[in-house]
Amino acid sequence: MPCGLIDASWAGRSVHVAGWVHRRRDKGGVKFVLLRDRTGLVQLAFEPERTPADVIAAAGALNPEDVLWIRGDIEARPPGAVNPDMATGEVEIRVREMTVLASSDPLPILVAIPPEEDLPSEELRLRHRVLDLRRAELQRNFVTRHLATNGARASLSQQGFLEVETPFLTRRTPEGARDYLVPSRIHHGEFYALPQSPQLYKQLLMAAGFDRYFQVARCLRDEDLRADRQPEFTQIDVEMAFVAEDDVFAVCERMLFDMFASTLDREIPVPFPRMTWAEAVESYGTDKPDLRIDWRIRDFSQALGGRGFGIVDGAIEAGGRVRGIVVPGGAALSRSRLDAINETARRSGAKGALWMKVTEDGFTGPAARAVDDEAGSILRSDFGVEPGDLVLMIAGPDSESSPALDVLRRELATELGASSEGEEWVWVTDFPLFEADPETGEPAASHHPFTMPVDVTPEELLADPFSVRSRAYDLVLNGTELASGSIRCHEPALQRAILEALGMTAEQVDARFGFLLEAFRYGVPPHGGFALGLDRLVALMVGVSSLRDVIAFPKTTAARGLMEGAPSAVDNELLADLGIRLDGPRAGGTDD
RNA sequence: GGGGCUGUAGCUCAGUUUGGUUAGAGUGCCGGUCUGUCACACCGGAGGUCGCGGGUUCGAGUCCCGUCAGCCCCGCCA
């Protein structure tokens with residue numbers, strides 16, 4: 001009998017239950033134990049009238065987290081002893097028999113944490129993960145994760161998709177993140193790579209005629225971590241043949257609809273609105289806009305330019321613009337707060353932030369010098385500024401103003417409570433195929449290099465790569481990229497041109513991606529798909545900010561497993577088998 | 001690779017600003033009392049490499065340098 005599901009309707013029945021000792025309350029003659037299993041808590045009562053003396057004595061010696069098997073009678077609690085704060089608080093189990101299946105040593109961290117006490121440090125929680133995972137909060141997260149994963153599987157299966165597994169030991173591809181490498185014992189000096197995603201395999205499955213594929217796929221990337229980034233994470237990976245964007249969006253929307261319905265019993269508003277990449281960057285400064293904030297970035301160049309204000313005119317003459325946001329109620333911000341905002345803008349890559357406050361009498365602040373009578377009336381009529389507003393602007397090239405305005409927009413909206421509750425989904429489409437590498441200026445894939453370009457020949461693509469748009473898309477929820485995908489490039493010549501634009505020679509393309517291009521020679525259907533970050537979605541569903549709370553055995557920021565002690569050093573003999581010799585001193589971790 | 005925060009009893013924290021007697025609290029643990037508790041209550045007890053190493057000083061939990069670990073952020077993550 002599950003502990004947490006017992007209610008008054010079970011009164012009078014004899015049952016057995018098993019679980020962990022959560023708390024013990026010993027009144028001397030009568031003792032109580034809260035017994036816990038995955039479903040919840042139930043109170044065990046040990047009393048001389050019902051329970052054999054030896055069982056009562058044994059109950060007096062129980063430790064927290066001992067594992068018990070109990071036989072007893074479910075009964076309504078006496079009047080006045082009902083606990084309304086407890087799901088099973090109307091009943092208790094009068095114990096007749098007890099077996100201690102396992103006893104627990106004193107605990108390094110408590111499972112039943114006193115309500116006023118903070119959680120143990122992250123370090124101890126990870127080191128003693130088994131105990132941490134026993135807490136109801138984490139157990140709930142994994143129930144949600146299970147329901148969400150099941151929801152995705154059921155929805156995709158029902159939509160005609162076939163789940164296929166792809167290799168973990170793969171070929172390294174030089175694009176993208178750093179690979180986790182696995183040395184080959186049989187082929188000294190050669191390495192497998194663990195997959196950053198099943199990208200190429202799923203495209204090959206399309207070529208292989210599996211026209212609707214999905215996988216709950218583990219992905220591994222050897223990059224530095226964050227609260228929302230683990231070295232191994234899970235994607236719902238989907239690919240389909242003979243499709244365009246609308247088909248992919250419909251599948252993804254239905255999958256998410258089903259996931260939310262089956263997991264949280266909630267209907268999400270599908271279909272999601274769409275926005276081009278250019279529109280997102282123009283109006284929100286980012287390719288993942290948080291639409292809970294309805295402030296938009298506006299172009300003030302026309303309104304304020306040519307009025308003798310050097311910063312504004314200088315930026316425009318240099319080919320830039322003056323863009324900014326109108327912050328309702330922002331005139332209340334203090335001078336020192338505005339100085340801090342200016343500093344934030346600088347840190348975000350802008351030269352600084354221009355601001356002016358709107359008062360009943362006009363405009364005040366550094367940027368007010370650009371506002372003559374005409375500009376003032378344009379601001380009021382076209383930009384809707386009202387007394388009490390703050391106009392916050394950045395002058396310069398879009399590449400500087402967009403990121404800074406994005407940061408300021410989100411920061412001020414949070415501070416002023418201008419962000420609505422709830423969820424704002426949006427598809428962002430029409431990404432550029434390439435963006436310039438910030439260091440070299442060379443083209444780098446903005447999505448990934450297997451994305452279909454829009455309306456371009458291989459020759460045109462190589463001649464002017466930065467002007468090419470792509471059929472890539474992201475699904476953004478509240479400013480977080482949740483899923484991303486594209487219609488893929490299935491034309492070998494175009495695919496070759498993309499890879500060459502990224503700096504590979506024809507020989508390198510053949511060596512690294514020959515298997516893909518070859519597969520595309522024998523009749524490949526047009527195809528496309530998406531991948532959805534399951535960990536992030538579940539984190540969002542349960543309302544936690546750290547992925548560690550939805551991954552059973554996560555790594556630390558330094559990519560260590562504190563519980564099992566990974567990574568670890570290995571014996572030289574083992575390394576010799578692999579043809580590997582270390583040239584530094586042996587690291588601290590040990591093999592045994 | 002860089003920046004920030006944290007590290008004191010099994011756990012959660014105070015004490016560090018201004019160096020000075022024996023480093024405290026709550027909780028957990030151990031012993032005891034208690035027949036209706038529910039964070040049970042009450043009495044008693046044990047428990048400390050102040051992360052680690054070095055330095056300054058008559059004297060360092062406290063100041064300085066280094067280092068390790070955890071967390072947050074930037075770079076990075078197609």
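By convention in this document, chain letters (A, B, ...) are assigned in the order of the sequence lines, proteins followed by strands, and residues within each chain are numbered from 1. All values reported here derive from a predicted model rather than from experimental measurement.
- Between the side chains of A:Arg25 and A:Gln43, at least one donor-acceptor pair of N or O atoms lies under 3.5 Å.
- One can place CZ of A:Arg125 at 20 Å from P of B:U6, the figure rounded to the nearest angstrom.
- When heavy atoms are screened at a 4.0 angstrom cut-off, A:Pro64 is found touching the sugar-phosphate backbone but no base atom.
- Heavy atoms of A:Arg178 sit nowhere under 4.0 angstrom from any nucleic acid atom.
- For the atom pair CE (A:Met1) and CZ (A:Arg13), the distance works out to 7.5 Å, reported to the nearest 0.5 Å.
- The base-pairing partner of B:A9, taking Watson-Crick or G-U wobble contacts with both distances under 3.5 Å, does not exist among the strands shown.
- Backbone-only engagement by A:Ala177 is indicated by non-hydrogen atom pairs under 4.0 Å involving sugar-phosphate atoms exclusively.
- Nucleic acid contact class of A:Thr451 (heavy atoms, under 4.0 Å, all strands): none.
- Neither side chain, A:Arg134 nor A:His128, offers a donor N or O lying under 3.5 Å from an acceptor on the other.
- The CG-P distance, from A:Leu225 to B:C76, rounds to 16 Å in whole Å.
- Residue-level contact check: A:Leu34 touches neither bases nor backbone, having no heavy atom under 4.0 Å from any strand.
- Closest to the side chain of A:Leu124, from the set B:C73, B:C11, B:G36, is B:C11.
- With both ends at atom C1', the span from B:C58 to B:C63 equals 16 Å, rounded to whole Å.
- For A:Arg226 against B:G75, a side-chain-to-base donor-acceptor contact under 3.5 Å is present.
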